[in-house]
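See below for the structure under consideration.
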Amino acid sequence: MSRRVRLWLLAVGGTGLATLFVAAALDLPAFGGHRHPYGDRAVHASLARHTANVIASVNFDQRAFDTLGEMTILFAAVIGCVILLRQTRDEYRDRPAPEKVASPVRRHALLVLPVALLTGLYVIAHGQLSPGGGFQGGVVAATSLHLLYLGADYRALERVRPVGLYETGDAIATSAYVVTGLAGLIGGTAFLANTVLPYGTFNTLSSGGTVPLLNAAVGMEVACAVVVLLARFLDQAVEIEEGNGK
């Protein structure tokens with residue numbers, strides 16, 4: 001395909017996308033008005049299913065299928081990075097030498113680590129009740145482990161980060177999200193329909209039906225994915241060297 005043909009295809013596709021965007025924007029409610037049909041429906045659906053956090057209800061109930069797509073993109077990105085950053089034949093693995101860490105950095109990193117980890121787990125567990133959720137909490141929990149790299153050394157991080165275990169956890173979490181969606185089909189409703197579990201008592205950890213389960217699956221998947229991604233990049237920067245020693 002020539003460059004001219006590619007430009008024509010880009011122009012046609014861009015024109016079509018711009019047309020759809022303008023048509024959708026013109027049909028939106030007036031800015032600053034009192035009519036919010038989408039927001040009103042989202043709040044009503046969230047309260048009807050006892051999900052205190054409307055955003056979590058939108059992500060893991062009303063548009064849970066879209067969230068599955070976002071989750072799959074991250075899962076695919078991890079697989080791609082694992083393949084691209086794998087050790088090649090002209091590379092060898094060299095054990096990293098410990099580096100001296102300044103006392104204030106070591107002290108504060110090791111003090112903040114458990115706090116950051118608990119904060120990430122709290123954000124995941126309370127995603128259906130308050131701002132946050134699996135995506136945000138998963139990133140916080142995963143990055144908290146890497147404070148060991150800053151406060152101690154790379155070998156200490158390796159001891160709490162068996163990459164194979166996190167790769168398995170990533171796959172299990174993604175599968176758990178899909179299985180929860182299939183439970184709706186088995187129950188006679190729709191894929192990822194929030195009709196499988198009781199809705200519970202409003203504003204409690206067990207409320208929201210399947211929202212807490214999907215939120216937890218996303219939190220586990222994001223945490224494992226971030227750990228695996230950082231592990232592969234750190235391997236390249238710290239351990240793996242080219243055959244000529246560079």
Please say yes or no: joined through hydrophobic side-chain contacts below 4.5 Å, possibly via intermediate residues, are [X] and [Y] part of one cluster?
| X | Y | result |
| --- | --- | --- |
| Leu150 | Val160 | yes |
| Leu192 | Val178 | yes |
| Tyr177 | Ile124 | no |
| Tyr149 | Leu230 | no |
| Tyr199 | Leu197 | no |

Please examine the side chains of [Y] and [X], heavy atoms only from C-beta on, and report whether any two atoms are closer than 4.5 Å.
| X | Y | answer |
| --- | --- | --- |
| Ser57 | Gln62 | yes |
| Val222 | Val226 | yes |
| Phe60 | Thr180 | no |
| Arg49 | Phe202 | no |
| Leu74 | Glu221 | yes |
| Thr15 | Val12 | no |
| Arg161 | Leu148 | no |

### Message
If you apply the rule side chain to side chain contact (heavy atoms under 4.5 Å, CB included), what do you find for Leu145 with Tyr166, and how did you get there?
### Response
CA-CA 12 Å; Leu145 298 179; Tyr166 285 94; 3.4 Å; yes
Enclosure of [X] [atom1] (heavy-atom neighbours >12, cutoff 6.0 Å):
| X | atom1 | answer |
| --- | --- | --- |
| Phe233 | CZ | no |
| His36 | NE2 | yes |
| Asp40 | CG | yes |
| Phe191 | CZ | yes |
| Arg41 | CZ | no |

### Task
Using salt bridge (charged side-chain N to carboxylate O under 4.0 Å, His left out) as the criterion, list what pairs up with Asp170, not counting sequence neighbours.
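By the salt bridge (charged side-chain N to carboxylate O under 4.0 Å, His left out) rule, Asp170 matches no residue at all.
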### Message
According to salt bridge (charged side-chain N to carboxylate O under 4.0 Å, His left out), who are the partners of Arg63, at least two apart in sequence or on a separate chain?
### Response
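Partners of Arg63 under the salt bridge (charged side-chain N to carboxylate O under 4.0 Å, His left out) test: Asp66, Glu70.
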No-hydrogen, no-angle side-chain donor-acceptor test under 3.5 Å, [X] and [Y]:
| X | Y | value |
| --- | --- | --- |
| Thr67 | Asn59 | no |
| Asp235 | Tyr154 | yes |
| Ser207 | Thr201 | no |

### Task
Assess whether side chain to side chain contact (heavy atoms under 4.5 Å, CB included) is satisfied between Thr189 and Leu185, documenting all intermediate values.
CA-CA 5 Å; Thr189 54; Leu185 292 176; over 6 Å; no
### Task
Could you give me the CA-CA distance, side-chain angles and deciding distance for Val82 and Val228, then say whether side chain to side chain contact (heavy atoms under 4.5 Å, CB included) is met?
CA-CA 8 Å; Val82 169; Val228 173; 3.8 Å; yes
### Task
Spell out, as yes or no, whether a donor-acceptor pair under 3.5 Å connects the side chain of Thr168 to the backbone of Gly164.
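Indeed, once roles are kept as given, a pair shorter than 3.5 Å links the two residues.
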### Query
Is it true that a side-chain atom of Asp61 and a backbone atom of Ser46 form a donor plus acceptor pair closer than 3.5 Å?
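No, Asp61 side chain to Ser46 backbone: no donor-acceptor pair under 3.5 Å.
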### Query
Rounded to the nearest 0.5 Å, how far does NZ of Lys100 lie from CG of Asp153?
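These two atoms lie 14.5 Å from each other.
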### Message
If you apply the rule side chain to side chain contact (heavy atoms under 4.5 Å, CB included), what do you find for Val78 with Glu167, and how did you get there?
### Response
CA-CA 9 Å; Val78 172; Glu167 289 175 342; 6.0 Å; no
Could you pull out every donor-acceptor pair under 3.5 Å between side chains of residues 125-141 and any protein atom, sequence neighbours left out?
unit_1, atom_1, unit_2, atom_2, d
His126, ND1, Tyr122, O, 3.1
Gln128, NE2, Leu205, O, 2.7
Ser130, OG, His126, O, 3.3

